[in-house]
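The sequence lines fix the lettering, A, B, ..., with proteins before strands; numbering per chain opens at 1.
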2 protein chains.
Amino acid sequence: MNDVAEKTGVSKTTISRIINQIPNAASKETVERVLKAIDELGYYPNQVAASLKRTTTRTIGLVMGDIENPFFGLMIKGVEEVVRSSGYSLILANSNYDDALEHDLCMLMLSKQVDAILIAPSGFSSCKQYAPILDRQTHVVFIDNYVPGCNVDSVIVNNYEASKEACDYLISLGHKKIAFIAGPANRISSDQRTKGFVGAMEEEFGSLEPSLLKRGDHTIAGGYRCMAELLQQPEIPTAVFASNNLMTVGALGAIKDAGLSIPSDISILGFDDMYWYSINQPSLTAVDQPAYEIGQTAAKRVVMRLRNKKQPSPEVIELKAKLIVRDSTAPPQPHRNAPKT
Amino acid sequence: MNDVAEKTGVSKTTISRIINQIPNAASKETVERVLKAIDELGYYPNQVAASLKRTTTRTIGLVMGDIENPFFGLMIKGVEEVVRSSGYSLILANSNYDDALEHDLCMLMLSKQVDAILIAPSGFSSCKQYAPILDRQTHVVFIDNYVPGCNVDSVIVNNYEASKEACDYLISLGHKKIAFIAGPANRISSDQRTKGFVGAMEEEFGSLEPSLLKRGDHTIAGGYRCMAELLQQPEIPTAVFASNNLMTVGALGAIKDAGLSIPSDISILGFDDMYWYSINQPSLTAVDQPAYEIGQTAAKRVVMRLRNKKQPSPEVIELKAKLIVRDSTAPPQPHRNAPKT
DNA sequence: TCGGTTTCGTTAATCGTTTTCCTAAATCGA
DNA sequence: TCGATTTAGGAAAACGATTAACGAAACCGA
């Protein structure tokens, strides 16, 4: 910047104003002269210095539990798109669903003076753990999950209703022995799905046989294990509902390894629609979460907060997940194969 | 920081030293007193200011063409893991394979004073376009692709050999009419795969029938279109090799819609292995790229450059992609179904 | 002609750290 | 006991922008 000033014989103030396009900053000729010098010298402003003085970095942090999961991948894309086109940069970090790491990453971001943080909460059941982060002046939006007790913007999906709807659909096909592969209990979004399933089953059948509810951990291996256990039971379920995409894949693997065919031996339905579900043989029935829109919505919310002077009170924004019926679900067959052992 | 200084009656210098764990910075008691005050006041250092003074931000940029693609998702995870555990933060940006945007994003990152940039080049055929970025003091590593003429660290995969090997495998099964769904010609990685295919075919059959080579664009839609065109031909190929994951999915869709079955009517093989290929019906033969390792390797390379005083000359690091044979490839059947039209 | 706006520009303080150069006391070897 | 070294700590100058406060022309209407 000093070089530009020297070369053009103009003060740094004026240069700064020209770069930031302050109206009436300089005469036409000066602007041209400065722009030319900037170009010739290949000068570009040091945003670190600018950020320091401005006390805003035009950077937004995003902390996720598992950036490898394509569902989150799509969500990240939605966030990135809005963040970038709004003039911000994105700092991304992966917590591996580790509460302590998640906390440290958030603190690191605060230290880096991000203007806002988007957090996909790993699964703290209480808001207390987030207090040190929420106490700062930084804006926070929870994404894909919310934390009860925290009065914070959250963008989620109607997990309970969508899950219940999916289970009701299986019931409507005539299934009675419907198994559920649940996610971690301490994550609200996951818990809501479990509740939706349980709700539908109890409504229909009065109570739920405990052996039909397996607890996985949102991984392929977990899904496989749960499904394998279900297939060990003397009478295997006629339908299975997996509570996220990776567990669905695991369950599919276990079904395949058991030599069962879908949907004649067992129906399967997954939470999260994946791009390849429609071309799978058979194509897979799933609850489609609008991952991209979730990301966009959360990012828009945070940008709104950064731009507006007036701060509306925090809101829980609920997007709709909807059931997509394909070929992996069918009425139960009276005479099914037993799994090959 | 001033508050801490005031509270403890110690200078900012000492506090800074304690925070940065400079050896012999202060006596035990002083350290304790300061740490206590820091904790009580909830002070955390402003990394923007620190970065300004240090002239290093401990931040690394990553520019990708399509962060939604699960292949890149896994690569990002590899990068993130190494970057984070090495004490850096990651700024992520998506260029949508747009050359101009890619350039702007890189400049923005330079402006933000990232210590290094990892770029998955969108497909510039020449190094000239990268010159303004490479001229700076910042370290650059190309990832997943390299740019001829640029003397820059690059982490890639043996695209040519892996592609040739895959094609040779199809030939060894007895296929003669093997189609290839190619990616963009201006991206070297993609071009190498095309060359590998063409090389294998010419080596075996002398020449390549041009109608067997379709050019897609690395999207599902492109893969579908190419496959549909191939199925329009009077004599359809007995095997098809798609040059990336999304085009493979598109091709699968077209095959499904044509009512053909795999592998009896047509064999299919894809570049990029996906986590669900093994549970697909039939499981899919694919060339497995070590996406996670690619990301890790590139990140490690850049961290090495940031840490070492000595700078070794730029290197092209080639990881091995390997063919995984599954059920979607089989010898050609003499009497095949024609596609339903 | 004169006060009041614009217009174009400058000077200098400031953001919150790190780091260079000091100093004073304590320790130490001979 | 004396010089040399080590240890503990401080004062103040950066880092490279932004911005408040101010000033000199130039313009303008009455």
A:Glu68 and B:Tyr292, any side-chain heavy atoms less than 4.5 Å apart:
no
Using whole Å, what does the distance between atom [atom2] of nucleotide [N] and atom [atom1] of [X] come to?
X        : N      : atom1 : atom2 : value
B:Tyr44  : C:dG16 : OH    : C1'   : 13 Å
B:Ile15  : D:dG9  : CD1   : P     : 12 Å
A:Gln113 : C:dG16 : CD    : P     : 9 Å
A:Arg58  : D:dT18 : CZ    : P     : 9 Å
B:Asn2   : D:dG10 : CG    : P     : 13 Å
B:Ile38  : C:dT17 : CD1   : P     : 10 Å
B:Leu52  : C:dT19 : CG    : P     : 12 Å
B:Gln21  : C:dT18 : CD    : C1'   : 16 Å

For the CG atom of B:Asn94 and the CG atom of B:Asp66, what is their distance to the nearest 0.5 Å?
6.0 Å
Does [X] put a side-chain nitrogen or oxygen below 4.0 Å from OP1 or OP2 of [N]?
X       : N      : result
B:Ser51 : D:dC15 : no
A:Tyr43 : D:dA17 : yes
A:Asn24 : C:dT7  : yes
A:Thr30 : C:dC8  : no

Test item: side-chain donor near acceptor, [X] and [Y], under 3.5 Å:
X        : Y        : value
B:Ser27  : B:Thr30  : yes
A:His139 : A:Arg301 : no
B:Gln113 : B:Thr57  : no
B:Glu102 : B:Tyr130 : yes
B:Lys112 : A:Thr59  : yes

Treating B:Thr14 as the side-chain partner and B:Val10 as the backbone partner, does any N or O pair qualify as donor plus acceptor under 3.5 Å?
no
Treating A:Ser85 as the side-chain partner and A:Glu81 as the backbone partner, does any N or O pair qualify as donor plus acceptor under 3.5 Å?
yes
Look at all strands and tell whether A:Val10 reaches a base, only sugar-phosphate, or nothing, counting heavy atoms closer than 4.0 Å.
sugar-phosphate
Within the 4.0 Å limit for protein heavy atoms, which parts of nucleotides 19-27 of chain D are touched? Write it as a string from 5' to 3', B for base, S for sugar-phosphate only, - for none.
BBB------
What bend angle does the helix from C:dT1-D:dA30 to C:dA30-D:dT1 show across its length, from five-pair end axes and to the nearest 10 degrees?
30°
Where each residue is assigned the nucleotide of DNA chain D containing its nearest heavy atom, which of B:Ser11 and A:Gln47 is assigned the position nearer the 5′ end?
B:Ser11
